[in-house]
Engineer: 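The following block contains the structure, expressed as C-alpha cells.
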Amino acid sequence: MNVIFLTLVEINSIEDRGIYQDLLRKFRNEGHDVTIVTPVERRRKISTNFSEKEGVSILQVKTLNIQKTNIIEKGIGTLAIEYQYLSAIKKYTSNKKFDLVLYSTPPITFAKVIEFVKKRDGAKSYLLLKDIFPQNAVDMNMLKQGGFLHKQFLKKEKKLYQISDTIGCMSPANVDFVLKYNPEIRNSKVEVNPNTIEPVAFNYSDEQKKAIREKYKIAIDKKVFVYGGNLGKPQGLDFLLETIENTKYDEVFFLIVGNGTEFPKIEKWFKDNNPKNAKLLHKLPKEDYDHLLAACDVGLIFLDQNFKIPNFPSRLLSYLEMKIPVMVATDPNTDIGNIIEEAKCGYKVMAGDQNEMQQKLESLLNDDLQKLGENAEKLLKNEYLVDRSYKLIFEKI
C-alpha cells in the first residue's frame, strides 16, 4: 500500500521517536511505501526537495516561518502552506498512486491537498484529530466567538471533516465532542484512535538515577514531580506555579522542563521567587529528556481550566513509558483524568482548585508509587501501543 502523510511537524528522520514517526515506522516495517510531506521553514534556507532514506520518501516543502514567529507571518504562512504542499505534491509525486492519505490536525487547511490526492488516485483519507480548532483558540481568547476569522475557520474545519473518510479521535470524550457539535457527521465515521508509541525500556538502577539527578543538580533525597513539554497558554501554568508556591511537603521537589511562549514568564517567576522546592530547565534533546524523566518519580499534566474541548496531551505517554504515576490538573471536559484514576496509576484534580491539589499530593505521597507505576505500564500496553493505531487505520483500507 502507498501511504502519503501530511504534517506540520518537521520530520527529518523516520528513526526519531514520536507519535507520528513511530506510526509511520510501523507502516514502513509492515512493507508499505511511505511518503512524508513535511515543512522546512524559510529561516532554514533550504529549498523544496524530495529524498529517499531509511526506507521512506521525505518531501520537504519550503514554507514561511510558521513556528516561533510573529502572528502575521504565522497566519499568512498557515494559509499559504496548503498551496505550497499542493504544488510540491503535483511536482514530485506525479509518478506515484497513493492508496491512503493520512494527516493530522493542526492544521485544518489541507482540504485542497487531500481532495487532489483522493481524486487523482482514488485514495482513502484518514484524519488523526489531535487538535480541535478553532474552538481551542476561542477557549484561549485568541479568536472571537462568531467573529469573521472564527467563521472562516469553522468552514474549513467542517470541510476537513466532510472529506475525511474516517476521523480518529484521541479519546471517547473527543468522539462525543466531535459528534455533538457536528451532527451532520455519521457516527460510524468517527472512532477512538489515541496517541500511541513504540515504547523503549528505561530500567535504570538507583545509582544511575542518582547520577542523572546529580548531573542536572536536582534533589536526590526527594520525590521529583516533573512537568515536561510545551510551556504555553493552553497548559494553564499559572496553576502549576501556584502549586509550587503552596506545597509545603518537604519531600516534594518540582521540576519543569520545556519551552514555549510562557517560558520567559516562568523564568521570571523563578528569578523573582527563587523557590527552594523547584527547578526550571530549558527544553532538552529527546534522548536527554528521556534519561532525565526516567530518574523522576511522578509526571505532571496541566491544562487551562477554561477549555471546552477535551484535550488529551501526548506527554502522558512519556510518563507511562517511564512507569511513573501521573497527576493531572485539567478542565472538566477532558477524560484524561478519569482514565488515569480508573487505571489506578495516578490522581486528577480540577485546575484552579488548590485545596484539592494539596489533598491529592498528600494522597500520592502516602500511596505505593511503585504499584502506581506498574499500573501506568499496564495502561500503556493495553491502550497506547502503536500497533493499535496501525490496525485501526489499516482496517479502513
Engineer: With no hydrogens and no angle check, do the side chains of Thr105 and Asp131 hold a donor and an acceptor under 3.5 Å apart?
Structural biologist: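 Absent: no donor and acceptor within the cut-off.
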Engineer: Can you confirm whether more than 12 heavy atoms, excluding those of Lys344, are under 6.0 Å from its NZ atom?
Structural biologist: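 Atom NZ in Lys344 is not crowded, with 12 or fewer foreign heavy atoms closer than 6.0 Å.
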Engineer: Below 30° counts as parallel, above 60° as perpendicular, anything between as tilted: where do the rings of Phe263 and His282 land?
Structural biologist: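 Ring orientation of Phe263 relative to His282: perpendicular.
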Engineer: Between Asp22 and Lys26 (salt bridge meaning N to carboxylate O under 4.0 Å), is one present in this structure?
Structural biologist: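 No, this pair does not count.
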Engineer: Under a 4.5 Å cut-off applied to non-hydrogen side-chain atoms, are Ile301 and Ile340 in contact?
Structural biologist: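 The answer is no; the side chains never approach within 4.5 Å.
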Engineer: Taking the basic N atoms (NZ, or NE/NH1/NH2) and the acidic carboxylate oxygens, is any pair closer than 4.0 Å for Arg213 and Asp297?
Structural biologist: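 Result for this pair is yes, salt bridge flagged.
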Engineer: Would you check if the side chain of Asn259 reaches a backbone N or O of Lys283 as a donor-acceptor pair within less than 3.5 Å?
Structural biologist: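 Here the side-chain-to-backbone pair does not exist.
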Engineer: To the nearest 0.5 Å, what is the distance between CG (Leu231) and CG (Leu280)?
Structural biologist: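 Reported to 0.5 Å precision, the distance equals 7.5 Å.
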Engineer: Should Ile14 and Ile58 count as side-chain neighbours, where that means a heavy-atom distance under 4.5 Å?
Structural biologist: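 Ile14 vs Ile58: side chains apart.
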Engineer: So, taking the atom named CD1 in Ile76 and the one named CG in Leu64, what distance separates them when rounded to the nearest 0.5 Å?
Structural biologist: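 The CD1 atom of Ile76 sits 7.5 Å away from the CG atom of Leu64.
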Engineer: Can you tell me if Glu287 has over 12 outside heavy atoms packed within less than 6.0 Å of its CD?
Structural biologist: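 Check fails, neighbour count at 12 or below.
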Engineer: Would you say the side-chain atoms of Asn195 pair up with the backbone N or O of Ile19, donor to acceptor, closer than 3.5 Å?
Structural biologist: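 The answer is no, because no donor-acceptor pair under 3.5 Å joins these two groups.
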Engineer: Should Ile266 and Leu240 count as side-chain neighbours, where that means a heavy-atom distance under 4.5 Å?
Structural biologist: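 They are not in side-chain contact.
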Engineer: Can a donor-acceptor pair be found between the side chains of Glu191 and Thr166 at a distance below 3.5 Å?
Structural biologist: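 Checked: Glu191/Thr166 side chains show no N/O donor-acceptor pair below 3.5 Å.
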Engineer: Have Glu362 and Gln358 got a donor and an acceptor in their side chains that come within less than 3.5 Å?
Structural biologist: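 Side chains of Glu362 and Gln358: no pair found under 3.5 Å.
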Engineer: Answer yes or no: is there an ion pair linking Lys233 with Glu262, defined by an N-O contact shorter than 4.0 Å?
Structural biologist: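 Yes, Lys233 and Glu262 are salt-bridged.
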Engineer: Are the side chain of Lys360 and the backbone of Gly346 linked by a donor-acceptor contact shorter than 3.5 Å?
Structural biologist: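 Checking the backbone N and O of Gly346 against the side chain of Lys360, no donor-acceptor pair under 3.5 Å is found.
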Engineer: Please examine the side chains of Tyr126 and Asp165, heavy atoms only from C-beta on, and report whether any two atoms are closer than 4.5 Å.
Structural biologist: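 They are not in contact (no side-chain heavy atoms under 4.5 Å apart), so the answer is no.
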Engineer: Using 0.5 Å steps for rounding, measure from the CD1 atom of Ile11 to the CD atom of Gln60.
Structural biologist: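 Answer rounded to 0.5 Å: 10.5 Å.
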Engineer: Distance check, rounded to the nearest 0.5 Å: Ile256 atom CD1 versus Glu267 atom CD?
Structural biologist: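 The CD atom of Glu267 is 11.5 Å from CD1 of Ile256, to the nearest 0.5 Å.
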Engineer: Say whether, by atom type as modelled, one donor and one acceptor occur between the side chain of Glu54 and the main chain of Ser13 under 3.5 angstrom.
Structural biologist: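 No, the answer is negative, given that no donor and acceptor are paired below the 3.5 Å cut-off.
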Engineer: Indicate whether the side chain of Lys158 and that of Asn182 have a donor and an acceptor atom separated by less than 3.5 Å.
Structural biologist: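 Checked: Lys158/Asn182 side chains pair up, N/O donor to acceptor below 3.5 Å.
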Engineer: Answer yes if the side chains of Asn277 and Lys248 hold a donor-acceptor pair under 3.5 Å, and no otherwise.
Structural biologist: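 There is no such pair (donor and acceptor under 3.5 Å, judged by atom type) between the side chains of Asn277 and Lys248.
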Engineer: Taking only Lys NZ, Arg NE, NH1 and NH2, and the carboxylate oxygens of Asp or Glu, determine whether Glu30 and Lys391 approach each other closer than 4.0 Å.
Structural biologist: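 Salt bridge flag = no for Lys391 with Glu30.
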Engineer: For atom NZ of Lys210, is the number of surrounding heavy atoms from other residues, nucleotides or ligands below 6.0 Å larger than 12?
Structural biologist: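 12 or below, so no.
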Engineer: Aromatic rings Phe202 and Tyr204: how do their planes relate, parallel, tilted or perpendicular, breaks at 30° and 60°?
Structural biologist: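 Judged by the thresholds at 30° and 60°, the geometry between Phe202 and Tyr204 is perpendicular.
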Engineer: Supply the atom-to-atom distance Leu317 CG to Glu383 CD, rounded to the nearest 0.5 angstrom.
Structural biologist: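 Rounded to the nearest 0.5 Å, the CG-CD separation comes out at 11.5 Å.
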Engineer: Using modelled atom types only, decide if a donor and an acceptor are shared between the side chain of Arg25 and the backbone of Asp16 within a distance under 3.5 Å.
Structural biologist: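 Pair found, side chain donor or acceptor close to backbone of Asp16.
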Engineer: Quick check: closest heavy atoms across Lys96 and Ser57, and the distance to 0.1 Å?
Structural biologist: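 Minimum heavy-atom contact is NZ-OG, 3.8 Å.
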Engineer: Looking at Tyr249, I'd like to know if its OH atom is crowded, meaning that more than 12 non-hydrogen atoms belonging to other residues, nucleotides or ligands lie closer than 6.0 Å.
Structural biologist: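 Atom OH in Tyr249 is crowded, with more than 12 foreign heavy atoms closer than 6.0 Å.
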Engineer: Decide whether Asn230 and Gln235 meet the rule of one side-chain donor and one side-chain acceptor closer than 3.5 Å.
Structural biologist: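 Result is yes, a qualifying pair exists.
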Engineer: Is there a side-chain contact between Cys169 and Ile167, using heavy atoms and a 4.5 Å cut-off?
Structural biologist: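 The answer is yes; the side chains approach within 4.5 Å.
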Engineer: I'd like to check Leu369 versus Leu364 (side-chain heavy atoms, cut-off strictly below 4.5 Å). Are they in contact?
Structural biologist: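 In short, these two side chains touch, coming nearer than 4.5 Å.
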Engineer: Does Phe307 offer a backbone N or O that forms a donor-acceptor pair with the side chain of Asn333 under 3.5 Å?
Structural biologist: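 Side chain of Asn333 to backbone of Phe307, a donor-acceptor pair under 3.5 Å: yes, one is there.
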Engineer: Measure the spacing between NZ of Lys279 and OH of Tyr216 and express it to the nearest 0.5 Å.
Structural biologist: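 The OH atom of Tyr216 is 11.0 Å from NZ of Lys279, to the nearest 0.5 Å.
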Engineer: Would the distance check show the side chain of Thr38 and the main-chain N or O of Thr7 forming a donor-acceptor pair, the cut-off being under 3.5 Å?
Structural biologist: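 Checking the backbone N and O of Thr7 against the side chain of Thr38, no donor-acceptor pair under 3.5 Å is found.
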Engineer: Hydrophobic clusters here meaning ILVMFWY residues chained together by side-chain heavy-atom distances under 4.5 Å, can you tell me if Ile244 and Tyr347 are in one?
Structural biologist: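 Looking at the clustering, Tyr347 is in the same group as Ile244.
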Engineer: Is Lys159 paired with Glu115 through a side-chain N to carboxylate O contact shorter than 4.0 Å?
Structural biologist: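 Salt bridge between Glu115 and Lys159, a charged N being under 4.0 Å from a carboxylate O: yes.
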Engineer: Any chain of hydrophobic side-chain contacts (each under 4.5 Å) joining Met327 to Leu365?
Structural biologist: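 Looking at the clustering, Leu365 is in the same group as Met327.
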Engineer: Check this for me: does any side-chain nitrogen of one of Lys209 and Asp206 sit under 4.0 Å from a carboxylate oxygen of the other?
Structural biologist: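 No, this pair does not count.
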Engineer: Under a 3.5 Å distance rule, please check whether Lys118 uses its side chain to pair with a backbone N or O of Ile163 as donor and acceptor.
Structural biologist: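 Yes; at least one donor-acceptor contact below 3.5 Å.
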Engineer: So does Val200 get a backbone contact from the side chain of Glu321, meaning a donor-acceptor N/O pair under 3.5 Å?
Structural biologist: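 Checking the backbone N and O of Val200 against the side chain of Glu321, a donor-acceptor pair under 3.5 Å is found.
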Engineer: Kindly assign one of parallel, tilted or perpendicular to the pair Tyr20 and Phe5, based on the angle between their ring planes and the thresholds 30° and 60°.
Structural biologist: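 Ring orientation, 0 to 90° scale: tilted.
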Engineer: Using the six-membered ring wherever Trp is involved, compare the ring planes of Tyr390 and Phe27 and label them parallel, tilted or perpendicular (cut-offs 30° and 60°).
Structural biologist: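 Tyr390 and Phe27: perpendicular rings.
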Engineer: Hey, are Lys323 and Glu377 close enough for a salt bridge, meaning a charged N less than 4.0 Å from a carboxylate O?
Structural biologist: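 Salt bridge present between Lys323 and Glu377.
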Engineer: Is there a donor-acceptor contact under 3.5 Å from the side chain of Asp331 to the main chain of Asn306?
Structural biologist: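 Judged by distance alone, no pair lies under 3.5 Å.
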Engineer: More than 12 foreign heavy atoms under 6.0 Å from NZ of Lys381: is that the case here?
Structural biologist: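 12 or below, so no.
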